[in-house]
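Down below is the structure, laid out as structure tokens.
The structure presented is a predicted model; accordingly, all values stated were derived computationally and were not measured. Just so you know, ligand 1 is whichever comes first in the structure, and atom 1 is the first atom listed for that ligand.
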Amino acid sequence: MKKIGILTSGGDAPGMNAAINAITWAGAKAGVEIRGYQEGYNGLIDNDYRLLEPYKTSHHANLGGTLLGSSRSERFMEPEIREKMVERLRKEGVEGLVVIGGDGSYRGAQALTRLGFPTVAIPGTIDNDIPLTELTLGFKTAISNVIDAIDKIATASASHSFVFVVEVMGRLAGDIALWTGTAAFADAIIATKEDYDLEAIHEKIQFSKAQHKRYQLIVLAEGVASADEFKEEMDAKFGYELRKLALGHIQRGGNPSVDDRILGKLFGERAFEYLHNDEGPGCALGIKENKVSEMDIEEVLGSKNEINRPYQ
Ligand code: ADP
């Protein structure tokens, strides 16, 4: 195999650059050309790529975001566009592709695999919402960013005895809320719809107050409700004056954590090896029992995502 492509797609996640760098180094060692397609699937359609070389990617390996850029591509949803594109890639001698992204990007990788184009999907999303993997690239950095923010909120809250609700990302998955709420000793964690029990949360707040804790913290997953909605309901029902904050994009920013740098490196090296050794028709990578493992992308996308509980 002489040419391999990489792209990053969907939401950016810290650790994507570490994966790109690992693939670039592996390519250099094996004498394989590595093409970095710009702006997700759009670059693949438009043949907009740059050749990746270790001296360039090394400078990005420790940075968040993605050096290739990312986008959402409507055009890629068209089967005829994908077929033409695969035909062109084959003509140019590109023999495999690595896609780093979330579940939407996985569907794109699945479509390419179904066309017989070997594609390896790396789970790159802060949400930890890809089925069958215990961890996704970016999740550990995101939860560390959330904890930094909560620590700052806590000092102000303690001074003023606030009841504070912090809305965190995760789309429909509650992993960020569960992990950060646990780490912050939150008084209530709303990670799933079942946790959205206002009476139970009110009791927890009252119990915490009775222990003379200076402030009360509620961590809320965006997929369950917004901080605005939650505040409105709690204030109306129990007469609180909740403070609220939706953390937003700071959660995905900053440099990747140690875990995400290592994960990016290992995922990248394994993806390259799989394609270079022509090991199969394509796969999804993930973490199973703490090890980088290959999974069947059809099985991954056919499975329901379950919340990954911290060390339980
Ligand atoms: P994420 O990968 O973060 O979940 P999106 O859901 O926006 O982000 O998906 C990223 C891109 O993947 C989309 O813009 C589209 O180009 C491609 N994609 C999503 N769903 C499909 C699908 N069913 N078939 C083919 N491509 C898809």
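- Atom 10 (C) of ligand 1 has as its closest protein heavy atom S9 OG, 3.5 Å.
- Using a 4.0 Å cutoff on heavy atoms, R171 counts as a contact of ligand 1.
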> Does the side chain to side chain donor-acceptor pair (under 3.5 Å) test come out yes or no for E134 and N128, once each step is laid out?
Replying inline: CA-CA 8 Å; E134 290 155 18; N128 215 30; over 6 Å; no
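- The protein non-hydrogen atom at the shortest distance from atom 22 (C) of ligand 1 is R107 CB, 3.5 Å.
- When only interatomic distances are considered, the shortest N/O to N/O separation between G104 and ligand 1 falls below 3.5 Å.
- A cation-pi arrangement is absent between R75 and Y41, since the terminal nitrogen or guanidinium carbon is not both under 6.0 Å from the aromatic centre and inside a 45° cone about the axis.
- Under a 4.0 Å criterion applied to the non-hydrogen atoms of S73, ligand 1 contributes the atoms 13 (C), 14 (O), 15 (C), 16 (O).
- I150 and F139 fall within a single hydrophobic cluster, where Ile, Leu, Val, Met, Phe, Trp and Tyr are joined by side-chain heavy atoms under 4.5 Å apart, directly or via other members.
- Ligand 1 lies out of reach of T125, whose nearest heavy atom is not under 4.0 Å from it.
- For ligand 1, the atoms closer than 4.0 angstrom to any heavy atom of Y41 are 12 (O), 16 (O), 17 (C).
- Residues I6 and L275 are members of one and the same hydrophobic cluster, defined by side-chain heavy-atom contacts under 4.5 angstrom among Ile, Leu, Val, Met, Phe, Trp and Tyr.
- Under the 4.5 Å side-chain heavy-atom criterion for ILVMFWY residues, no single connected hydrophobic cluster contains both I218 and V166.
- In this structure, R243 forms no cation-pi arrangement with F164, as its terminal cationic atom is not both closer than 6.0 Å to the ring centre and no more than 45° off the ring axis.
- Contact atoms of ligand 1 toward F76: 16 (O), 26 (N) (distance under 4.0 Å to a heavy atom of the residue).
- At under 3.5 Å, a nitrogen or oxygen of G11, whether backbone or side chain, sits near a nitrogen or oxygen of ligand 1.
- Residue, atom and distance of the protein heavy atom nearest to atom 5 (P) of ligand 1 are R72 NE, 3.5 Å.
- Ligand 1 has at least one atom lying under 4.0 Å from a heavy atom of R82.
- Less than 4.0 angstrom separates some heavy atom of G102 from each of these atoms of ligand 1: 1 (P), 2 (O), 3 (O), 4 (O).
- Counting protein heavy atoms only, atom 2 (O) of ligand 1 is closest to S105 OG, 2.5 Å.
- N62 and R261 share no donor-acceptor pair across their side chains, judged by distance under 3.5 Å alone.
- Closest to atom 27 (C) of ligand 1, if we only count protein heavy atoms, is M77 SD, 3.3 Å.
- Judged by distance alone, the side chains of H202 and Y240 do bring a donor and an acceptor atom under 3.5 Å apart.
- Looking only at atom types and distance, the side chain of T192 has a donor-acceptor partner in the side chain of D195 under 3.5 Å away.
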